Peer 1: 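Below you'll find the structure I mean.
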Amino acid sequence: GNKPVIITTPGGQATVPGGYTYTTTNIYVTNGNTASVSVIDPGTNTVTTTIPGGTRPFGVAITPDLTRAYVTNTFSDSVSVINTANNTVLTTITGVGTGPAGIAITPDGTKAYVVNASSNNVRVINIPANTLGPTIPVGTNPQDVAITPDGTKAYVTNNGSNSVSVINTANNTVLTTITGVGTGPNGIAITPDGTKAYVVNASSGNVRVINTAGNTLGPTITVGTQPNRIAITPDGTKAYVTNLFSNSVSVINTADNTIIITITGVGTGPLGIAITADGTRAYVVNRDLNSVRVIDTATNTLSGPAIPVGTNPAGVAATPLPYPAP
């Protein structure tokens, strides 16, 4: 069964169901224009090292065992694999597809799903061998991907098709395509209980809920202008949405899908967002200020000064959610 485990993080401890004992790793931020990844120590909120990588890095995901970080290099058509113990690039996987953007790793840590925005497909990477697996055709200009906590389905946003492709991870085929989600779907996140997917629609300025049981559409939640990415707290109660052109973060109450608060002053061009494993902090990447701001999720206020990173930062990853071990 799923026994409670203690997650130890700089923000304190949290007891959650799962099979791993978690210590929050460093925070990884992709720097688009400097072809590098900044590593932030969450204990001090300072950059401890900068890792050179491919051209225009964008997406980043950490393996459940916390030993590797996978980074998509949009202009290099490759994925860099970082050893988190010493923050060096172990290997670079080429030929993943054209314009790799979003990336997600299965809860069992055996596969990474890479969204290729320019080749309209998803490529599977086998972990830890780092060999290329199947290519799965999806919609037009796909952007982001989220995987259900049980690892059985991957949800892909198709920005140019206004749809979401649902992939069966057992055979890597598209189960269904959900249309009418909104205009310009971009970021996506799934609740820890696996029942709902939250789709950020950049062009329609809203978030659409998908009920994963039948892949039916749920409520529409109005947020800011050009919303981009989304992260959900480990307890599943709140979703945080970055509003790229409103310079704000909308906080959604997932119980009734209302806006709890809109956090202003986060910085200019908020893009990527990630929440720590204990759920106490959200890290927001400000593309236009070359910095990261920290939100205290208990009070939904900004905590500490901006953290300088590289130029044109985009993606961010913190410790993955403590899903049950396989």
Side-chain angles (χ1 to χ4, degrees), residues 7 18-20 22-30 37 39 53-54 57-73 78-85 87 89-93 96-97 100-116 121-136 138 142-157 165-170 172 187-192 194 197 229-232 234 272-277 283 314-326:
I7 303 175
Y20 292 109
Y22 271 79
T23 301
T24 291
T25 59
N26 292 317
I27 311 295
Y28 289 80
V29 178
T30 56
V37 174
V39 183
F58 187 82
V60 54
I62 300 170
T63 55
D65 65 5
L66 312 184
T67 63
R68 305 284 184 264
Y70 284 69
V71 177
T72 58
N73 302 306
S78 66
V79 171
S80 299
V81 184
I82 294 169
N83 177 347
T84 59
N87 287 316
V89 175
L90 272 172
T91 188
T92 302
I93 306 166
V96 294
I103 184 170
I105 294 170
T106 53
D108 66 2
T110 63
K111 289 183 286 195
Y113 282 74
V114 178
V115 176
N116 294 301
N121 56 27
V122 172
R123 194 67 187 269
V124 180
I125 294 172
N126 300 304
I127 301 173
N130 292 322
T131 53
L132 289 173
T135 300
I136 307 153
V138 288
Q143 292 293 317
D144 200 12
V145 56
I147 297 170
T148 53
D150 63 7
T152 61
K153 296 194 289 273
Y155 285 70
V156 178
T157 55
S165 298
V166 184
I167 295 168
N168 176 348
T169 58
N172 290 312
I188 187 168
I190 295 171
T191 53
R229 287 295 200 262
I230 183 168
I232 297 174
I273 186 165
I275 295 173
T276 54
Y283 284 74
V316 57
T319 312
L321 289 182
Y323 292 135

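Treat the numbers as computed from the prediction; the structure is a model and nothing was measured.
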Peer 1: Are any side-chain N or O atoms of S165 and backbone N or O atoms of V156, one a donor and one an acceptor, separated by less than 3.5 Å?
Peer 2: no
Peer 1: What's the verdict on side-chain hydrogen bond (donor to acceptor under 3.5 Å, both in side chains) for D144 and T157, showing C-alpha distance, side-chain angles and the deciding distance?
Peer 2: CA-CA 6 Å; D144 200 12; T157 55; 5.6 Å; no
Peer 1: Rounded to the nearest 0.5 Å, what separates atom OG1 in T84 from atom CG in L66?
Peer 2: 7.0 Å
Peer 1: Mind listing the closest non-hydrogen atom pair of G315 and T30 along with its distance?
Peer 2: N-OG1, 2.8 Å
Peer 1: Show the numbers, then the answer: is there a side-chain contact (heavy atoms from CB on, under 4.5 Å) between I125 and L132?
Peer 2: CA-CA 5 Å; I125 294 172; L132 289 173; 4.1 Å; yes
Peer 1: Can you spot which of T135, I93, T72 makes a side chain to side chain contact (heavy atoms under 4.5 Å, CB included) with V114?
Peer 2: T72
Peer 1: Check V96, V122, V138 against N116 for a side chain to side chain contact (heavy atoms under 4.5 Å, CB included) and give me the one that passes.
Peer 2: V96
Peer 1: Where do I232 and P192 come nearest, in terms of heavy atoms and distance?
Peer 2: CG2-CD, 4.0 Å
Peer 1: Over all heavy atoms of both residues, which pair between G54 and S80 is shortest? Give the atoms and the distance, please.
Peer 2: N-OG, 4.0 Å
Peer 1: What heavy-atom pair brings I147 and T106 nearest, and what distance separates the two atoms?
Peer 2: CD1-N, 3.7 Å
Peer 1: Evaluate the side-chain contact (heavy atoms from CB on, under 4.5 Å) criterion for residues I136 and Y113: first the C-alpha distance (whole Å), next the side-chain angles of each, then the deciding distance (0.1 Å), finally the verdict.
Peer 2: CA-CA 10 Å; I136 307 153; Y113 282 74; 4.1 Å; yes
Peer 1: For the residue pair K111 and V124, what are the closest heavy atoms and their distance?
Peer 2: CD-CG1, 3.8 Å
Peer 1: So, for Q143 and A101, which heavy atoms are closest and what is the spacing to 0.1 Å?
Peer 2: O-CB, 3.7 Å
Peer 1: Check whether any side-chain N or O of T110 sits under 3.5 Å from a backbone N or O of I127 as a donor-acceptor pair, and report yes or no.
Peer 2: no
Peer 1: Among V60, I62, I103, which one satisfies side chain to side chain contact (heavy atoms under 4.5 Å, CB included) with Y70?
Peer 2: I103
Peer 1: Which residue in the set V316, V71, N87 passes side chain to side chain contact (heavy atoms under 4.5 Å, CB included) when paired with Y28?
Peer 2: N87
Peer 1: Any non-hydrogen side-chain atom of V145 less than 4.5 Å from a side-chain atom of Y155?
Peer 2: no
Peer 1: Please identify which of these residues, I82, V79, N130, meets the side chain to side chain contact (heavy atoms under 4.5 Å, CB included) condition with T91.
Peer 2: N130
Peer 1: For the CG atom of L90 and the CG atom of N83, what is their distance to the nearest 0.5 Å?
Peer 2: 4.5 Å
Peer 1: Taking the side chain as every heavy atom from C-beta outward, state whether V115 and F58 have any pair of such atoms under 4.5 Å apart.
Peer 2: no
